[in-house]
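Computed from a predicted model, the values in this text were never measured in an experiment. FYI, side chains are in, hydrogens and waters are out, and symmetry mates aren't considered; it's all heavy atoms of this structure.
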Amino acid sequence: MKKRLLTWLCSPCCRGDFKIISPEKPESPESEITSGSLSCLACRKEYPIIDGVPRLLPQVTNPQ
């Protein structure tokens, strides 16, 4: 994902803004981020970035 996409993304739980947590340091808004996570500044939930795709789906528990 590109850093500039943060302007359009928000937390699905509270609509809060994200910050990027990544071992890669994006130097420009066009830099590609392939791993790490998005952390919500409001509710503090984290969503993984896997192969450049942010996974914003809530975690589903397996009912037994």
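- When all heavy atoms are compared, the tightest approach of Ile49 to Met1 is CD1-SD, 3.9 Å.
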Tabulate below the donor-acceptor pairs under 3.5 Å that side-chain atoms of residues 34-42 make, not counting sequence neighbours, or state none.
{"unit_1": "Thr34", "atom_1": "OG1", "unit_2": "Glu24", "atom_2": "OE2", "d": "2.5"}
{"unit_1": "Ser35", "atom_1": "OG", "unit_2": "Glu24", "atom_2": "OE2", "d": "3.3"}
{"unit_1": "Ser37", "atom_1": "OG", "unit_2": "Glu46", "atom_2": "OE1", "d": "3.1"}

Could you pull out all donor-acceptor pairs under 3.5 Å where a side-chain atom in residues 4-12 meets a protein atom, sequence neighbours excluded?
{"unit_1": "Arg4", "atom_1": "NE", "unit_2": "Glu30", "atom_2": "OE1", "d": "3.3"}
{"unit_1": "Arg4", "atom_1": "NE", "unit_2": "Glu30", "atom_2": "OE2", "d": "2.7"}
{"unit_1": "Thr7", "atom_1": "OG1", "unit_2": "Arg4", "atom_2": "O", "d": "3.0"}
{"unit_1": "Ser11", "atom_1": "OG", "unit_2": "Cys13", "atom_2": "N", "d": "3.3"}

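- Crowding of Lys2 atom NZ: a count of heavy atoms from other residues, nucleotides or ligands under 6.0 Å exceeding 12.
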